[in-house]
Amino acid sequence: MRTETPQTIHLKDYKPVPYRIDSADLDFQLDPEKTRVASRLALRPNPDSEESAAPLVLDGKKLQLLSVAIDGKPLKSDDFTVSDTTLTIPQVPQAPFTLEIVNLCNPTANTELSGLYMSNGMYCTQCEAEGFRRITYFYDRPDVMARFRVRMEAPKREMPILLSNGNPGETGDLPGTGRHYAVWSDPFPKPCYLFALVAGDLAGVHDTFQTMSGRTVKLGIYVEKGKEDRCAWAMTSLKLSMSWDEKAFGREYDLDVFNIVAVSNFNMGAMENKGLNVFNDKYILALPSTATDTDYVNIEAIIAHEYFHNWTGNRITCRDWFQLCLKEGLTVFRDQEFTSDVRSRAVKRIADVKTLRARQFPEDGGPLAHPARPSSYIEINNFYTPTVYEKGAEICRMMKTLLGEAAFRKAMDLYFSRHDGEAATVEDFVRCMADASGRDLGQFFQWYEQAGTPQLKAEGRYDAKRMTFELTLEQKTLPTPGQPEKRSLHIPLGVGLVGSEGEDLPLDLDGVGILNAPIIELTGAKKTFRFRNITKKPVVSLNRGFSAPVNLTLNASPADQLFLMGHDRDSLNRWEAGQTRGRELILASMNGSVPNEEAGNYASALEGLLRDPSIDNAFKALMLGLPPEPDIAAAIGKDVDTDAVLAARDRVRAALGSRLDPVLNGIWTATAERGPYAPDPAGTARRALRYAALQMILLGNREKGVALALEELAKPHSMTAEMGALGGLIQVETPERETQLEAFFNRHAADHLLVDKWFMLHAQAKDANAAARIERLSRHPAFTYSTPNRVYALIGGFTSGNVAGFNAAGGEGYRVVADAVIKLDGFNPQVAARMATGFRSCQILDAPRRTAANRELQRILAAPKLSRDTFEIVSRIANGLALPP
Ligand code: PHE
Ligand code: ZN
């Protein structure tokens, strides 16, 4: 048990540092256990600081200090003090001075994967958010921007590749020592969280890119030897990202080189270090036989995301960590736009809304709810969340909707020119939006500060005599932890009035006239919009394009929903209408039987879509996907029995599967592979539809489904085929799925990324004894808690991909996860805390489940020496459980 509550950091306490660091000269003598870091810092009093002659207090953690000198004069031991987290020098010159520090750090002992650590025999670093302090003493905060120069030394044979940020400089051998060195200098001042260093025996894949002004940039992707043939897709994606950012935002790359390194031990997806991105290798390596279509799409998007950070994050960084969504929300928005442009905008938007609903809405509606810009935290690593990333992106998208394309681009240009080289705030960003467009975004700013998903109630009323259509909108946001009172938000809503032929009727808004852009704005709690000259009864299509991240309820009849499903010109709302119908059908089936007529109508609407040759396969695949279990649970809202949700959803899927049998079989035949695999949009779409159809066949006609899956697995065309077939099989309890899982492991045991997939498949298997399976697999020789990807596959796959298994009424699912969290907390608190977020929706479950969850959460809280990371997440969730809705 923790003896004291860890300290909370508040946004309102922000203060500039008393000293600036203009440059940092770092010398690394790499050694597995005793890496020696010599740092020479050019400091001077900060003119922006209100303090005078303040002590110099630098951050440092798990370091061994060897010496400190100022202006060449060594300090005596009573000139400074060292604690577990700081180096304090009470008296320093009040003019520019040089501080020299020499310290040791231990990469081998670094199990947190933050700072300098070893992954598979190579040295690598991860400094965001606060890892640099584990390398050397520094102001480890993003508003301190310095020019870095790095020299590193390592044994040449074992570590032939030496990389850091910026441009390469001198290299050479150190005769007689077997060691060599390399110098790197980064001309752009940057915060230390963007520092990176890599040393290892790596294979490089090289290419070049010509920028818009004609400069040639050398590109390099470094991977484990023997994996060179798996980098082609990542390289193609990088070049595509570089040219897209020039076209879409006028952003040119600024260094002579851009390097990427793939590592197997990494807590997150990837990291945007200046000129030296470090990636989790699952987001680099791909061959048709090892990566699925989803992997290819993710690689493309994450390469783009990290590359785009060069402007949104690096050139313009964050003043403090509360501003995290300034770089993350905006960069996610940019990568979403990239994918929309290079693939299908309609499909991408639906995919993003699915993610938002699956990950951000549950967070926003539960004990972990926090504003996109939080006002306090205990551990910043806990705030790399769907709210900061995905809701942050939605907020940028809403501003674009409000400003329109041209003004938004002008505002972005202004942001880049006004704040280049600075550490900015969310206010700075929104001010650019307002200044460039003349719009008042004062109320809009609430989106950054207020947690919770707004509930939007809409009621449409047609008056045939007056030929008017009245739309009454009402918003309300429920209280969230720490925010009992909520204000009205400024909500932009895409709107359409759809005529009986599916045509959009002209929008003639009373008091305004014909709308140029089909957007209405709700700013107060309630408002009625009256549209005139509506000659026939329309069906309203609201929140088109998912223009605002709200929870909409509309007084639409099932017939209206089916009509929109078939006719809305807005593809997002076409899909949304299908989701609403599907959800209502599942809810209506909770009592044990599927309402016949409703299922029939839904199946006919789906069939119409599936048989329409003008509709994109990817869209068809999306239409086949019923709302996931957490959506249904959230719609029920309290006392949820997750077994009943799973059963009802499967009943509906089975009913649809058997009604759609002929058309699904037709799809299966029509989508067979005829040539070599390519991850292009058309092929990806065809396969998405193929395996979505297989899922339904498996539910509707198990025997046939199993036969098709086995046939597919007998001679799989690609990893997409293997995963598509196995991913279907694991949902039905058959002996075949166990033998097929075994076979998959035997085929792929040598490839760690495929072993991760295997653990993930197991974790998601629908099984009355799912928890026992997890327990058994956690003792499998291939399982290890020290590789984050493996933990995410097994434990994360279980908590998020096996809702009924994790939330088993007896509490055995909670127990395995709590065991894992406690074990992980001892050596990688970030990963432990991430896994603990699996409990975040337990407050809506029934009493036995809530009690069981609470028991396990209390057990975690009672663990000795619990980290701040896990303490913060688990105590917030436990507090939420104490007050069930
Ligand atoms: N900044 C990274 C990204 O979103 C994520 C990350 C955060 C990686 C913290 C590592 C550590 O692109
Ligand atoms: Zn990012």
Side-chain angles (χ1 to χ4, degrees), residues 110 112-117 119 124-135 140-142 165 190-198 234 237-238 241 245 258 260-284 298-318 320-339 352 355 359-360 372 377 379-393 395-396 788-789 792 828-834 837 869:
N110 185 343
E112 297 95 332
L113 314 185
S114 158
L116 177 65
Y117 65 95
S119 171
C124 63
T125 56
Q126 174 51 49
C127 294
E128 189 178 5
E130 298 178 335
F132 194 73
R133 64 187 63 187
R134 298 159 54 92
I135 296 174
D140 193 357
R141 42 187 279 171
N165 315 92
K190 65 168 177 288
C192 65
Y193 81 85
L194 292 171
F195 168 83
L197 172 153
V198 168
S237 303
L238 174 59
S241 307
D245 213 15
F258 186 82
I260 292 179
V261 178
V263 304
S264 336
N265 292 74
F266 201 72
N267 287 343
M268 307 281 277
M271 180 63 210
E272 70 264 23
N273 316 302
K274 183 81 188 187
L276 180 55
N277 288 1
V278 175
F279 271 63
N280 186 321
D281 59 1
K282 83 183 243 207
Y283 295 124
I284 293 290
N298 285 339
I299 290 169
E300 184 180 80
I302 295 175
I303 293 256
H305 178 98
E306 305 311 330
Y307 175 74
F308 298 157
H309 268 314
N310 191 54
W311 276 95
T312 49
N314 302 2
R315 290 285 288 252
I316 306 179
T317 193
C318 300
D320 55 70
W321 289 122
F322 295 102
Q323 320 297 328
L324 185 57
C325 75
L326 173 69
K327 74 175 177 83
E328 294 305 347
L330 179 56
T331 305
V332 171
F333 169 74
R334 275 154 52 69
D335 84 54
Q336 291 176 345
E337 287 298 291
F338 164 76
T339 303
D352 288 338
T355 317
R359 303 176 29 158
Q360 200 276 327
Y377 61 76
E379 171 52 64
I380 186 56
N381 286 320
N382 286 330
F383 285 82
Y384 289 80
T385 60
T387 297
V388 167
Y389 277 66
E390 270 81 37
K391 189 174 183 174
I395 299 174
C396 294
N789 284 358
Y792 297 153
N828 193 333
Q830 274 186 52
V831 174
R834 209 156 267 274
T837 61
D869 309 57

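Start at 1 and go down the list; that is how both ligands and their atoms are numbered.
- In this structure, R359 CZ and T387 OG1 are separated by 9.5 Å, a value rounded to the nearest 0.5 Å.
- The Zn ion (ligand 2) is closest to atom OE1 of E328 (considering only N, O or S atoms).
- Atoms CG and CG, on N265 and N110 in that order, are 11.0 Å from each other to the nearest 0.5 Å.
- Evaluation of the ring-ring contact (aromatic ring centres under 6.0 Å, His included) rule for F322 yields Y377 as partners, not counting sequence neighbours.
- Taking S237 as the reference, nothing meets the side chain to side chain donor-acceptor pair (under 3.5 Å) condition, with sequence neighbours excluded.
- Under a 3.5 Å cut-off, the side chain of N273 and the backbone N or O of L276 do form a donor-acceptor pair.
- Contact residues of ligand 1 (protein heavy atom closer than 4.0 angstrom to a ligand atom; sorted by chain and number): Q126, E128, M268, A270, M271, E272, H305, E306, H309, K327, E328, Y384, Y389.
- Nearest N/O/S atom of H309 with respect to the Zn ion (ligand 2) is recorded as NE2.
- A distance of 12.0 Å separates CZ of R134 from OG1 of T125, quoted to the nearest 0.5 Å.
- For E379, the side chain to side chain donor-acceptor pair (under 3.5 Å) partners two or more places apart in sequence, or in a different chain, are N381, R868.
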